[in-house]
Every structure is written in C-alpha cells, then in structure tokens.
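Inspection log for the structure reproduced underneath, given as structure tokens.
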Amino acid sequence: MAEPDTVFAPESEKTPDRNLALELVRVTEAAALASARWVGMGDKESADGAAVDAMRALLDTVRMDGTVVIGEGEKDEAPMLYNGERIGDGSPPEVDIAVDPLEGTSLCARGAPNALAVIALAERGAMFDPGPCVYMEKMAAGSEHADLLDLDRPLPETLRLIAERKGTDIRDVVVVVLDRPRHEDAIRQIREAGARIRLIPDGDVAAALLAVTERSPADLLWGIGGTPEGVLAAAGIRCIGGQIVGRLWPRDDEERQAALDAGYDLEEMLDADRLVAGEDVFFAASGVTDGDVLQGAHYESPQGATTESLVMRSRSGTVRRVHARHDRSKLRDYERAERKG
C-alpha cells in the first residue's frame, strides 16, 4: 500500500499537516501557462511579469501563513512577491517561501530549453537568508557522489574521484557549468582533467535537479550562480535526494564588508540541510519551455493546454511527476470563484 501524504499529526498550528506541494503545483502551473505565452517573444520582463501575476493570484488561495524569504527582490524593486511579503490566506501553518515565478527569463524570451516556474516551502525560520550576497559558489550531485562534494578540494581531483566511484574513465564524467566569463579558468581545468562540460546559458535550478536525478546525463553541477537559486535547488534536493554545497561569493569589497557586518561566515560551506533546515520541505516546479527535467507548457487548441510538473515532499520522500491537461476557460472561471470565496 502506498504511503499516505499526511504521515504525522501536527505538534502545533505552526507545523504543516498536509501535503502543501499538491496545492502549490496549481501555483506553478498557472505561472508556467502565463509565461509560456511569451516564449520566444524576446521580452523577458513581460514574461516574468505574467508569471508573477499568475502566481500571486493563486497564492492567496492557499491555506497558509507564508513569508517570502527568497523572492523577486526588495519591496521597492518588486511590487509583488518581494522579500518579506506575507502570502497565503493567513491561516496556519506558518511557513517560509522561496519562489522564482520564471527561473530562466532569458531562456523563455529566446525560446530556449529549461525555463521553469518554481516554488518551495518549509517551516518558518527554516530557509537560509543570503542577506546582501547575490552569488554563491556551488556544487550539486546525486546521492552516489554526495560525499565527494568539497569546495576546498581542487576541482580536477573531485572529478577523478567521481570517475573512480563510477568505475569509468574520467572522459565519461559530465559537468554542468553556467556559461560565464568568471568560469573560464574552471572550464579549462575541467577539460584539462579530461572531463566533459555541458555549458548552459541560464537556469541552474533545473541544472541542479538534473545533476541529482538518477540516470542523468550529468554527474555534477559546478559554478558561481545565484544564491536564491541555490536555496531553491536545496529545497528540491532535500526532497529528491543528493546533495548541494555552497559558499557565499561576494561580488566586490562593499558586498563582502556588508556580509561580514551582518554576521555571515564567508568561509562556511553550506549544505542542503543548512540552506533549507526544515523537517518538512515542499517543492513544486512546472516547465515553461521543454527541457532536460520537465516538458514545457503547450497550447494545443484555442482553449486547451498541457503542463508537466514535479511535486515533492521531503518528509515522505514522495516525488510526483504530474502531467496535466487544462481547459483554460473552466480554469479561469474556477480560479475567479476561488478568489472571491
């Protein structure tokens, strides 16, 4: 018999007592469907705005008292889904929210693969707040290589250890790396060690999920990327398995000093449990464009559309892949009625 989604009784009103991911997937589906109308249009701001508006409209129907820890930025820069915003209908449980309505805005604008709508949730106070640090150095890999992740070890040595663990030649090790000038030296080291690289233009949440997925074509994610994306990826990895390690990477002396003044340890290696420390973590993602992890949202008729999503919960270890067909006219009527009610 399958394990039920609700596997424990709440200790208090602050503890989730149901699988909130099953409610959150409606939110990511809405964001994916809205932003998919902008795929390939070359307008990443409008695509992101459509995703934010769609996600925001549904979030207030979810029974939770949520605070956005990882959002679209500060309130003055992001009128919706900003850091510190309260979302949900205000009823228990009290939770932290990490959200990226459109992870890969440039990917969506270009019609490129791997754009996602993503949201994660955990108990209040569980999510790491990166403060002034926009970037972090990070590595992610599946459970078979999780213990080999070490940001202090030379990268070529880690690649050799992964090859030994796999029982293959190092040429069979594939590393996913963001295509950025700051990675030129590491890219050279990886290639000189004999490993292969899959360069990606954006979208390192999708890349992290790819690296930890069983039978994936990628063995490792490495690079200096967004700290918010690191927290979102950690939430997914808490559910699906594997490991991510990261270290804050200030962009300049001013950001470094601000982080030190705020009490951050810039030498600390942050793993998945540190980035998202909750006992009950929920994660949902829906594809916007077709990619390695999820198929994108597709409009198949004037009123019909399809989406593919991942829905995961750490406590039960349940990972669902949800293929949904949407009647857009009925969906609009239903969502309108829910917001009124």
Side-chain angles (χ1 to χ4, degrees), residues 20-59 61-62 72 80-81 97-121 200-210 213 229 232-233 235-236 239-240 282-312 319-336 338-339:
L20 283 164
L22 295 175
E23 300 173 49
L24 296 177
V25 72
R26 295 174 51 233
V27 176
T28 57
E29 285 173 345
L33 287 168
S35 55
R37 302 301 286 169
W38 292 92
V39 168
M41 298 294 289
D43 187 348
K44 64 181 184 180
E45 287 80 13
S46 292
D48 189 49
V52 171
D53 289 347
M55 188 172 275
R56 186 69 175 81
L58 279 183
L59 275 170
T61 70
V62 179
E72 291 280 284
M80 293 183 180
L81 297 176
I97 302 289
V99 60
D100 196 340
L102 181 55
E103 203 254 340
T105 54
S106 295
L107 298 176
C108 180
R110 295 197 303 269
N114 294 316
L116 301 175
V118 187
I119 191 167
L121 180 153
I200 59 171
D202 289 290
D204 59 349
V205 173
L209 294 175
L210 179 67
T213 300
E229 289 83 356
L232 276 163
C239 299
I240 201 172
F282 304 86
F283 181 93
S286 299
V288 177
T289 58
D290 293 342
D292 296 303
V293 177
L294 288 168
Q295 293 297 298
H298 293 278
Y299 288 86
E300 299 181 338
S301 68
Q303 293 299 330
T306 60
T307 55
E308 184 181 31
S309 305
L310 278 176
V311 187
M312 305 189 287
V319 177
R320 291 180 171 86
R321 189 174 292 270
V322 178
H323 300 266
R325 184 175 300 277
H326 307 270
D327 183 313
R328 293 159 59 203
S329 62
K330 291 182 178 179
L331 190 62
R332 283 192 294 267
D333 291 341
Y334 173 73
E335 290 170 356
R336 193 178 300 116
E338 276 223 329
R339 288 195 291 272

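Just so you know, these numbers use all the heavy atoms, side chains as well, and skip hydrogens, waters and symmetry mates.
Distance OG/Ser35 to CG/Asp48: 8.5 Å, rounded to 0.5 Å. Here OG of Ser309 is found 12.5 Å from CZ of Arg320. Values are rounded to the nearest 0.5 Å. Atoms CG and CD, on Leu294 and Glu308 in that order, are 5.0 Å from each other to the nearest 0.5 Å. Here the OG atom belonging to Ser286 is positioned 10.5 Å from the CG atom belonging to Leu24, to the nearest 0.5 angstrom. If you take CG on Leu102 and OG on Ser46, they are separated by 11.5 Å, rounding to the nearest 0.5 Å. Rounded to the nearest 0.5 angstrom, Glu23 CD and Leu121 CG are separated by 10.0 Å.
Judged by distance alone, with hydrogens and angles left aside, the side-chain atoms of Tyr299 form a donor-acceptor pair with the main-chain N or O of Leu33 at under 3.5 Å. Remark: the backbone N or O of Leu58 is paired with a side-chain donor or acceptor of Thr61 at under 3.5 angstrom.
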Identify each donor-acceptor pair in which a side-chain atom of residues 105-118 lies under 3.5 Å from a protein atom, sequence neighbours left out, and give them as a table.
residue	atom	partner	partner atom	Å
Asn114	OD1	Asp292	N	2.8
Asn114	ND2	Asp292	OD2	3.4

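Side-chain contact between Arg325 and Glu300 is present, with at least one heavy-atom pair separated by less than 4.5 Å. The side-chain heavy atoms of Phe283 and Thr28, taken from C-beta on, include no pair separated by under 4.5 Å. Here the side chains of Glu29 and His326 are in contact, with some heavy-atom distance below 4.5 Å. Using a 4.5 Å heavy-atom threshold, the side chains of Asp100 and Val205 count as separate.
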#### Entry: Chi angles and distances behind the side-chain contact (heavy atoms from CB on, under 4.5 Å) call for Arg56, Leu81
CA-CA 7 Å; Arg56 186 69 175 81; Leu81 297 176; 3.7 Å; yes
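When every heavy atom of Phe282 is checked against every heavy atom of Ala21, the shortest pair comes out as CD2-N, 3.5 Å. Between Ala31 and Met55, the shortest heavy-atom contact is CB-CE, 3.8 Å. Leu310 approaches Arg321 most closely through the heavy-atom pair CD2-NH2, 3.9 Å. Residues Glu103 and Ala206 share a closest heavy-atom pair of OE1-N, 3.8 Å. The minimum heavy-atom distance linking Gly296 with Asp290 is given by the pair N-OD1, 2.7 Å. Ala207 approaches Ile200 most closely through the heavy-atom pair CB-CD1, 3.6 Å.
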